[in-house]
Chemist: 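I'd like to ask some things about the structure below.
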Amino acid sequence: MNLDSRRSNQTRPLRLVAVLFLATALPWLTGCVVVAAGAVGAGAVAYVRGELASSVEADLEATYAAAQRALAKLEFAKIDQRKSGLDALLVHRTALDKRVVIQLKKVTDRLTKIEIRVGVVGDQELSLTLLDKIRTELK
């Protein structure tokens with residue numbers, strides 16, 4: 001066995017550890033973080049690069065009304081609200097002037113996708129609070 005093949009055999013475990021570390025750390029380093037993973041459909045919640053995404057088992061109209069009620073109860077200032085038959089947009093501001101954008105997209109007649117972004121870089125805690133308030137208003 002020559003010197004080069006011995007070095008190759010010694011560095012192989014180190015390479016494997018480095019690859020495994022990078023594979024697990026990369027999502028955290030790029031801002032990609034999954035908060036909770038449930039079923040693939042309604043109920044799954046993901047927080048990726050400052051945006052929370054989830055789905056609810058309700059039609060677009062009911063989800064839009066629930067989001068309006070949730071934002072009103074939180075006393076956020078309304079900036080813009082628009083709705084079509086396929087999607088909706090709600091833009092509000094908090095008392096600390098954080099911009100809150102909620103996008104709703106019709107997936108099926110009984111499933112709506114919700115995307116929430118707070119500020120430029122996101123606010124995971126406030127986004128989860130908003131999602132919880134919307135889900136409460138749907139009940």
Side-chain angles (χ1 to χ4, degrees):
M1 191 183 269
N2 64 24
L3 185 60
D4 289 334
S5 64
R6 267 191 265 152
R7 281 187 189 155
S8 176
N9 288 338
Q10 290 172 347
T11 60
R12 188 170 290 153
L14 292 175
R15 284 187 200 156
L16 179 61
V17 169
V19 168
L20 290 174
F21 173 77
L22 287 174
T24 56
L26 192 59
W28 292 96
L29 297 174
T30 61
C32 238
V33 181
V34 174
V35 175
V40 174
V45 177
Y47 188 79
V48 179
R49 294 190 179 147
E51 184 172 279
L52 183 134
S54 185
S55 296
V56 292
E57 289 185 24
D59 64 14
L60 178 65
E61 188 67 41
T63 307
Y64 182 69
Q68 288 177 314
R69 288 191 302 272
L71 290 163
K73 286 183 178 179
L74 291 169
E75 299 181 16
F76 289 178
K78 180 171 66 170
I79 305 301
D80 189 17
Q81 290 186 354
R82 293 178 266 158
K83 188 180 104 34
S84 71
L86 298 176
D87 54 15
L89 176 71
L90 299 103
V91 182
H92 286 67
R93 290 219 177 253
T94 69
L96 297 176
D97 205 30
K98 285 186 179 181
R99 185 172 190 250
V100 176
V101 177
I102 300 174
Q103 293 182 26
L104 307 174
K105 296 176 184 168
K106 178 180 178 178
V107 178
T108 67
D109 287 340
R110 296 288 309 146
L111 187 67
T112 302
K113 181 177 180 184
I114 301 174
E115 295 174 339
I116 301 171
R117 177 174 288 279
V118 178
V120 176
V121 295
D123 181 328
Q124 183 176 352
E125 186 177 335
L126 183 52
S127 296
L128 287 168
T129 299
L130 284 165
L131 179 62
D132 184 51
K133 297 280 185 198
I134 293 169
R135 285 183 170 163
T136 300
E137 290 297 322
L138 281 169
K139 293 179 183 177

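Along the sequence shown, residues are numbered consecutively beginning with 1. In this text, all values refer to a predicted model and were calculated from it rather than measured experimentally.
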Chemist: Under the rule for side chain to side chain contact (heavy atoms under 4.5 Å, CB included), what residues qualify as partners of Glu61, not counting sequence neighbours?
Modeler: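 Scan of Glu61 (side chain to side chain contact (heavy atoms under 4.5 Å, CB included), adjacent residues dropped) gives Asp59, Lys83.
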
Chemist: Which pair of non-hydrogen atoms, one from Ser54 and one from Ala44, has the smallest distance, and what is that distance?
Modeler: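 For Ser54 and Ala44, the tightest heavy-atom pair comes out as OG-O, 2.8 Å.
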
Chemist: If we ignore hydrogens and angles and just use 3.5 Å, is the side chain of Arg117 paired with the main-chain N or O of Val120 as donor and acceptor?
Modeler: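 Yes; at least one donor-acceptor contact below 3.5 Å.
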
Chemist: Which residues satisfy the side-chain hydrogen bond (donor to acceptor under 3.5 Å, both in side chains) test with Lys98, sequence neighbours excluded?
Modeler: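 Only Asp123 meet the side-chain hydrogen bond (donor to acceptor under 3.5 Å, both in side chains) criterion with Lys98.
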
Chemist: Linking directly or through intermediates, with side-chain heavy atoms under 4.5 Å: list the remaining ILVMFWY members grouped with Leu86, chain and number order.
Modeler: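 None; Leu86 is a cluster of one.
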
Chemist: Can you list the residues that meet the side-chain hydrogen bond (donor to acceptor under 3.5 Å, both in side chains) rule with Asp132, with sequence neighbours excluded?
Modeler: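 Asp132: no side-chain hydrogen bond (donor to acceptor under 3.5 Å, both in side chains) contacts found.
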
Chemist: Any chance CG of Asp109 has more than 12 other-residue heavy atoms, nucleotides or ligands included, within less than 6.0 Å?
Modeler: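 12 or below, so no.
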
Chemist: At what distance, to the nearest 0.5 angstrom, does CD1 of Ile134 lie from CD1 of Ile116?
Modeler: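 Rounded to the nearest 0.5 Å, the CD1-CD1 separation comes out at 4.5 Å.
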
Chemist: Could you measure the distance from the CZ atom of Arg135 to the CD atom of Glu137? Nearest 0.5 Å is fine.
Modeler: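 That separation rounds to 14.0 Å.
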
Chemist: Hey, quick one: are Phe76 and Leu52 part of the same hydrophobic cluster, counting side-chain heavy atoms closer than 4.5 Å, chains of contacts allowed?
Modeler: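 Hydrophobic grouping puts Phe76 with Leu52.
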
Chemist: Answer yes or no: is there a donor N or O on one side and an acceptor on the other, between the side chain of Thr112 and the main chain of Ala58, under 3.5 Å?
Modeler: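 It does hold such a pair.
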
Chemist: Can Val101 be reached from Leu104 by stepping across I, L, V, M, F, W or Y side chains whose heavy atoms are under 4.5 Å apart?
Modeler: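 No; Val101 is not reachable from Leu104 via cluster members.
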
Chemist: Minimum heavy-atom separation for Leu138 and Ala62, please, with both atom names.
Modeler: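 Closest pair (atom of Leu138, atom of Ala62, distance): CD2-O, 3.6 Å.
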
Chemist: For residues Gln68 and Leu90, report the shortest heavy-atom separation together with the two atoms involved.
Modeler: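 Heavy-atom minimum between the residues: CG-CD2, 3.7 Å.
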
Chemist: Return the CG to NZ distance between Leu128 and Lys133, rounded to the nearest 0.5 Å.
Modeler: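 Interatomic distance, Leu128 CG to Lys133 NZ, rounded to 0.5 Å: 13.0 Å.
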
Chemist: Are the side chains of Ile102 and Leu71 in touch, meaning some heavy atoms are under 4.5 Å apart?
Modeler: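 They are in side-chain contact.
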
Chemist: For a 4.5 angstrom cut-off between non-hydrogen side-chain atoms, does Val100 reach Leu74?
Modeler: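 No, every pair of side-chain atoms sits at 4.5 Å or beyond.
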
Chemist: When rounded to the nearest 0.5 angstrom, what distance separates CG in Leu126 from CG in Leu131?
Modeler: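 Interatomic distance, Leu126 CG to Leu131 CG, rounded to 0.5 Å: 11.5 Å.
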
Chemist: Going by the rule side chain to side chain contact (heavy atoms under 4.5 Å, CB included), which residues pair with Glu115 if we only count those two or more places apart in sequence or in a different chain?
Modeler: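 Scan of Glu115 (side chain to side chain contact (heavy atoms under 4.5 Å, CB included), adjacent residues dropped) gives Glu51, Ala53, Gln103, Lys105, Lys113.
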
Chemist: Quick check: closest heavy atoms across Tyr64 and Gln81, and the distance to 0.1 Å?
Modeler: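 Shortest heavy-atom separation between Tyr64 and Gln81 comes out as OH-CB, 3.5 Å.
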
Chemist: Who are the salt bridge (Lys or Arg N to Asp or Glu O under 4.0 Å) partners of Arg93, not counting sequence neighbours?
Modeler: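 Only Asp97 meet the salt bridge (Lys or Arg N to Asp or Glu O under 4.0 Å) criterion with Arg93.
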
